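The block underneath contains the structure these notes are about, expressed in structure tokens.
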Amino acid sequence: MTSLWVRLVDKVTTIAIIALVILVGFLVYRRYSSSPEVLAVKTEEIRPGMVLSARQDGWKKGHKTIFLALSTDCVHCSNEALFYKQATDAAKRFGVDVLEWFPQPVGDSSAWLKRNGVSVSGLQRVSLSSIGVVGTPTIGIADETGTIKGVWTGELIPREQAFVLAWIRGVPGVEKDLPRSGGAPESISLDAYELSVRSTRHQLLDIQVRDYYHLGHRQNAINIPFDELDSRAIHELVPAERTIIDCTNVSMRFCQLATRDLYYRGFENVSMLVKTSTPATNGDAGTARPN
Amino acid sequence: MDFKICRHRLLRCSFWETVILLLLACALPIRSQTPREIRIGESQLRALLIHEVRPDFPTDALGKHASGVSVAQIDVGADGSVIHIEVLQAPTESMAAAMKRALNQWKFRPDTVNGVPIGVLGKITYYFIIDQGKGKVLAPSEMGVPTAAQPKTGDNP
């Protein structure tokens, strides 16, 4: 009888060990595998005017949709997590569909969303480049017909966040406030600045952090660190004047975000001072491409 | 009996321990990624404010006709109290001290992520201005938009 028990326990433990090994292997595979499941192949960059597809993008007809293209290893996505929480919560309340696209396995993406307090709905694993997403985070809005009304890549400035939340809530007349593209801001090379622009009427904005500004800055540059533009720019700069942002000592990404920020605040004449005269290119997160 | 089984299966017992350790190792990165503190913008930070004490305009600064912007970085604990203040910019030492004294008394509504209380880090701005000989301390939302024809240029203090 004892021998029978021992054999039984032996078999049960063996099966349990095999099951555990398989489970651990599966968990490790889920955590570290990154080969994405390609849902669709689109060569075009996602932009306003394009139409979401039910088969390829998971879009459902007849509802307004907000889509988020995120990644679990993207720092900017984590920075924006609170806004995504607000947006997805509002979407749930106001009957707006949410699509969440991640290149990582669904388990990892779901854990990331839950960890950051973002509702999990419409979560899919996709190859972001194959659906035309150029960088993370990307957020977009589409109307009932699936037509994309606005797409933003990178962290959103407060005005853009406010617009997206108002759009989700269906605030009357919000569409007219859809942040429009100001076109590519003018880039001024250092040579051109020194030769001709410097002597003209303008305000030079330096968006470096305070410590770096004190280490060295251009003459007459006004220092408003990038993360303080929201509360200070409108009170310390003159919107009607030509504003030149010194982009020679900060990343182009921050410079472009600062340009957008000022543009939305009513600064219509904003230029970027760059080291060369070639047009500015995207940094790691791209620029907004709203209507 | 259990003891007997375990004694004859020492290898298996250690294997179990290995499996448990592996499972723990898988779980650890998940816990370590839970945010404890997040950085938020000034408007979001002010939205969490439940008790504001405004800085006084220091009399010595008024005597010197000193005015300008003050910016402080504050660290708010998970319970909503201010646990650290660093004045990043202020026109005078006394304004920096006034800013610090006031911010020390601020209270915030505790913020949570996924139900877990978290600390927040953010910047607070005040403008120390002199209007008709009187010192005023204004929040950014109370400031107007400059319309001066002459753009402001020049090094910050």
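Quick note on labels: first sequence line is chain A, next is B, and so on, each numbered from 1. This is a predicted model, so every value here is computed, not measured.
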At what distance, to the nearest 0.5 angstrom, does CG of A:Asp227 lie from CD of B:Glu42? 10.0 Å
Inter-residue atom distance A:Asn79.CG - B:Ile40.CD1, 0.5 Å rounding: 12.5 Å
Evaluate whether atom CZ of A:Arg210 has more than 12 neighbouring non-hydrogen atoms of other residues, nucleotides or ligands under 6.0 angstrom away. yes
From B:Gln89 CD over to A:Glu228 CD, what is the distance, rounded to the nearest 0.5 angstrom? 7.0 Å
Test: ring-ring contact (aromatic ring centres under 6.0 Å, His included). Region: residues 58-104 of chain B. Which pairs qualify, not counting sequence neighbours? none
Test side chain to side chain contact (heavy atoms under 4.5 Å, CB included) applied to B:Val69 and A:His235, step by step: CA-CA 10 Å; B:Val69 62; A:His235 311 300; over 6 Å; no
Can you tell which part of A:Leu205 gets under 4.5 Å to a heavy atom of chain B, answering side chain, backbone, both or neither? neither
With a cut-off of 6.0 Å (strictly less than), are more than 12 heavy atoms of other residues, nucleotides or ligands near CD of B:Glu93? no
Rounded to the nearest 0.5 Å, what separation is found between the CG atom of A:Asp230 and the CD atom of B:Gln44? 8.5 Å
Pick from B:Val71, B:Asp111, B:Thr125 with the largest number of heavy-atom pairs that fall under 4.5 Å of chain A: B:Val71
Can you confirm whether B:Tyr127 sits close enough to A:Arg232 that some side-chain heavy atom of one is under 4.5 Å from a side-chain heavy atom of the other? yes
Considering only heavy atoms, give the residues of residues 131-140 of chain B separated from chain A by less than 4.5 Å, sorted numerically, with 'none' for an empty result. B:Pro140
